[in-house]
Amino acid sequence: MFESEFEEKLFALRQEKLKEIAALGQQLGLTEAEATYPNSYPATASIPELRERYIDRAQPTTAEDFAANRVEVAIAGRVMQIRVQGKAGFAQLQQGGLRLQMYVRKDDVGEAQFGIYKLLDLGDHVGVKGYLFVTRTGETTVHVTELRFLTKALLALPDKYHGLEDVELRYRQRYVDLFMNTGQSAKQAEHGPAQKVADDPDAVAGVESQQPGESQPLHEAAPPNVREVFVKRAQILRALRKFFDERGYLEVETPMMQPVAGGATARPFTTHHNALDLDLFLRIAPELYLKRLVVGGMDRVYEINRNFRNEGVSTQHNPEFTMLEFYQAYANYHDLMDLTEELIKFVAMEVNGSLLTRFPIPKGPRSGEIVAIDLSQWQRLSMREAIVLFWPDQAGQAPSLRDFQNPHTLLPIHFSNGAVAMRQHRSALGDTQDAVFVDPDAPDTESSRKRVRLANLEVYFESVAHLLKEGTRVGNVISEVFEVLAEEHLVQPTIIYDFPLAVSPLSKVKPEEPEWVERFEFYIGGFEVGNAFSELNDPVDQRRRFEAQVAEKARGDDEAMEMDEDYVRALEYGLPPTAGEGIGIDRLTMILTGQRSIRDVILFPLMRPVAK
RNA sequence: GAGCCUGUAGCUCAGUCGGUAGAGCAUCGCCCUUUUAAGGCGUUGGUCCUGGGUUCGAGCCCCAGCGGGCUCACCA
């Protein structure tokens, strides 16, 4: 039960204090329960409300104003600081992430209540009645006329200056993190929230980077304002709903437990229904159910809820994550491109009041670098254009768009030549080793990193050339090449459109290019945030694609899709031309709140339980 | 799943060459009726992540394991 002897002793000591508080309460005519764990407190206003009305404004109410027109208040909050001064004293109460100071004098409240004040510990909850005044040092404060004890903290609060910084404890005991890291600690006020700054000197260069002078040394950085992040997360959800509600979309809820886990390629979690003796899967996407609803005549639907994928955990992946999916009948992917830009801009304005956001890039060679992202400027590139555009400088002549029309013959030439060019470039740098033997753990200097990268890319290009010539899984290879070459560059908002058919079993093909589908993903901050397409609505084609997926699965791809007979049947009744999109809400929240890890935008991220 | 980093008081952290376990805050006691990381004097608090090994002697060196962070892989 207790983590240490220290905690056990403290717990016992504070139980003793509760008894003393009960005794003092008796003098005030309170029962033991009323004195120690009362049921309520009739506050007249919250601390944030009072601060907004009298303090946090251009012209705060002055000492003279308060003296002329006494403002009586009753507030409640958690005690975060105590400064006793003999027969008087101060304390800071925190509510809603903000603090208000109270001032108690024995002369004003009497023996019993002052006794209660002296028994207060950091973390206790109290309610006070009094009037506002301004102290000598200029802090607006409640001059207490009546003090009520509300709840005792039986455990010790973390360091009042640093707050709770241990990342593991912050995630495991979010309830402590939430009241400690509200931006109110002295350290947070001095240093601002933690942001890892690029340790790579050349990574800080460039127009969009922050100026070096803005860098915060890592050891001085305070934890983020956790409360603010989650308040913003709620604002993001509200803004999304507002956006879709205003446009006639209906919010729906579809099954989280599904007999067939469809709509995406991912490994599912399995569970079991006892009464029906039925194996079920936690959904990996709501997609197939939402499109059933469009068949049912719900022309515009959206759902915001959890998806579950039994995959790895990283700074961009949590096994359960929140997804927005929406579908619009009689629209195609071009309509959704426009809608996406509008949506992201709308949400950013609602939440931040700005289309600029500072974001630490979470992965890739620029990992940790803080960039200013301009959500008003969107670039649109086809996947093929992106590969051409981000073809490495040292990899020779980039393919042309026309080369993609002959992916088995023209395209492999560029990858083979690219591998040769990179090898030459590398040996010009003095690296004569065979690429595969380049040690990835070589000293971590800029030039060694470049060589390793070049060498790995060289091997990769050779294998791509080989795969393309063979002609198997060409679509998979192309989309993978896109991710390898382009993704890390897509820091500013970018729509990547037209995907290979092979990686898009639910998308409609482009009428003039049957190997490509009407699909786009959008990228911000160097990772994918959303995925959209014109929905495949030909049931015969859909059945064929499911069968191809089933064959993939049989070949060992355990992420390939399964046949969903009922979904095909729904399509047989007729899905109108429809476009749909999914947006990762956690990732969007990361971008709009400047958080580097998905765990910093999920209240209770998955953690391995502590071993007993 | 792999690599790197990391684990010392409730919290934030020191700990030199391998030689008795340290500081600040918090706790507890005393003083202090406008303080604000309040202050002053004193006090308590340790399975140095766990288990082995080396050594006269291990917080420190070695091996194994566990937790966490980061990077990579899978993936969104």
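The structure displayed is predicted, hence computed values, not measured ones. In what follows, every heavy atom counts, from backbone to side chain, and hydrogens, waters and symmetry copies are set aside.
Between Arg233(A) and Asp586(A) there is a salt bridge, since at least one side-chain N of the basic residue sits less than 4.0 Å from a carboxylate O of the acidic one. Ionic pairing of Asp107(A) and Lys87(A) is not present here: no N-O contact between side-chain nitrogen and carboxylate oxygen is shorter than 4.0 angstrom.
Side chains of Glu581(A) and Ile583(A) form a contact here, defined as non-hydrogen atoms less than 4.5 Å apart. Contact check for Met180(A) versus Arg170(A): no side-chain heavy atoms found under the 4.5 Å cut-off.
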What nitrogen or oxygen pairs link the protein and nucleotides 25-30 of chain B at under 3.5 Å?
residue, atom, partner, partner atom, Å
rC25(B), O3', Lys160(A), NZ, 3.4
rA26(B), OP1, Lys160(A), NZ, 2.7
rC28(B), OP1, Lys17(A), NZ, 2.5

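Put simply, NZ on Lys106(A) is 10 Å from P on rC32(B), counting in whole angstrom units. Following rounding to the nearest Å, Leu169(A) (CG) and rC13(B) (C1') show an atom-to-atom distance of 15 Å. For the pair Glu311(A) CD and rA73(B) P, the computed distance is 14 Å after rounding to whole Å. The CD1-C1' distance, from Ile361(A) to rC70(B), rounds to 16 Å in whole Å. Between the P atom of rU35(B) and the OH atom of Tyr103(A) lies a distance of 9 Å, rounded to the nearest Å. Between Leu164(A) atom CG and rG68(B) atom P there is a gap of 16 Å when expressed in whole angstrom units. The nearest whole Å value for the distance from the CZ atom in Arg599(A) to the P atom in rG68(B) is 9 Å. Arg105(A) places its CZ atom 16 Å from the P atom of rC32(B), with the value rounded to the nearest Å.
In this structure, rC25(B) forms a base pair with rG10(B), meeting either the Watson-Crick or the G-U wobble geometry with both donor-acceptor distances under 3.5 Å. In this structure, rA2(B) forms a base pair with rU71(B), meeting either the Watson-Crick or the G-U wobble geometry with both donor-acceptor distances under 3.5 Å.
At the phosphate of rA76(B), OP1 or OP2 sits under 4.0 Å from a side-chain N or O atom of Thr265(A). Residue Gln81(A) has a polar side-chain atom (N or O) positioned under 4.0 Å from OP1 or OP2 of rA38(B). An OP1 or OP2 oxygen of rG10(B) is reached within less than 4.0 angstrom by a side-chain nitrogen or oxygen of Ser4(A). Look at Arg136(A) and you'll find a side-chain N or O under 4.0 angstrom from OP1 or OP2 of rU35(B). Between Arg608(A) and rC66(B) there is no side-chain polar atom (N or O) within less than 4.0 angstrom of OP1 or OP2. Of the side-chain N and O atoms in Thr141(A), none sit less than 4.0 angstrom from OP1 or OP2 of rU34(B).
rG59(B) and rG22(B) are spaced 12 Å apart, taking the C1' atom of each and rounding to whole Å. Atom C1' of rG15(B) sits at a distance of 43 Å from the matching atom of rU33(B), rounded to the whole Å. When the C1' atom is used for both rG3(B) and rC61(B), the distance is 23 Å, rounded to whole Å. rU43(B) and rC31(B) have their C1' atoms separated by 15 Å, with the value rounded to a whole Å. Distance check on atom C1': rC17(B) versus rG51(B) gives 27 Å, rounded to whole Å. Atom name C1', nucleotides rG18(B) and rC60(B): the rounded distance is 7 Å, in whole Å. Annotation: rC66(B) and rC56(B) have their P atoms spaced 32 Å apart (nearest Å). Taking atom P on both rU34(B) and rG24(B), the two are 27 Å apart, rounded to the nearest angstrom.
Within the nucleic acid shown, Val84(A) comes within 4.0 Å of at least one base atom, counting heavy atoms only. Across all strands shown, Asn307(A) has no heavy atoms under 4.0 Å from either base or sugar-phosphate atoms. Contact annotation for Gly89(A): no contact, since no heavy-atom pair falls under 4.0 Å across all strands. Among the protein residues, Ser185(A) comes within range of no part of the nucleic acid, since none of its heavy atoms lies under 4.0 Å from any strand. Across all strands shown, Gln101(A) has heavy atoms under 4.0 Å from base atoms, whether or not it also approaches the sugar-phosphate. Within 4.0 Å of Gly312(A), counting heavy atoms only, lies at least one base atom of the nucleic acid. Counting non-hydrogen atoms under 4.0 angstrom, Asn310(A) reaches nothing in the nucleic acid. If you check every strand for non-hydrogen atoms under 4.0 Å, Arg83(A) touches a base.
For Glu139(A), the side-chain contact (heavy atoms from CB on, under 4.5 Å) partners at least two apart in sequence or on another chain are Gln92(A), Gln101(A), Thr135(A), Thr141(A). With sequence neighbours left out, Phe321(A) forms a ring pair (Phe, Tyr, Trp, His ring centres under 6.0 Å) with no residue at all.
In this structure, the separation between CD on Glu325(A) and CG on Asn531(A) is 8.5 Å, given to the nearest 0.5 Å. Here the straight-line distance linking atom CZ of Arg227(A) with atom CD of Gln94(A) works out to 8.0 Å at 0.5 Å rounding.
Of the two residues contacting RNA chain B, namely Tyr171(A) and Glu5(A), the nearest-nucleotide position lying further toward the 5' end is that of Glu5(A). In terms of position on RNA chain B, the residue among Glu139(A) and Glu521(A) whose nearest nucleotide sits closer to the 5' end is Glu139(A).
Between rU35(B), rA76(B), rU12(B), one nucleotide has an atom nearer to the side chain of His162(A) than all others, and that is rU12(B). Distance from the side chain of Ser314(A) is smallest to rA73(B) among rA73(B), rU12(B), rU34(B). Of all nucleotides listed (rC74(B), rG69(B), rU34(B)), rU34(B) comes nearest to the side chain of Thr135(A).
Aromatic ring orientation, Phe308(A) versus Phe269(A): perpendicular (interplanar angle above 60°, classes split at 30° and 60°).
Ring centers of Phe66(A) and Tyr54(A): under 6.0 Å apart, within the cut-off.
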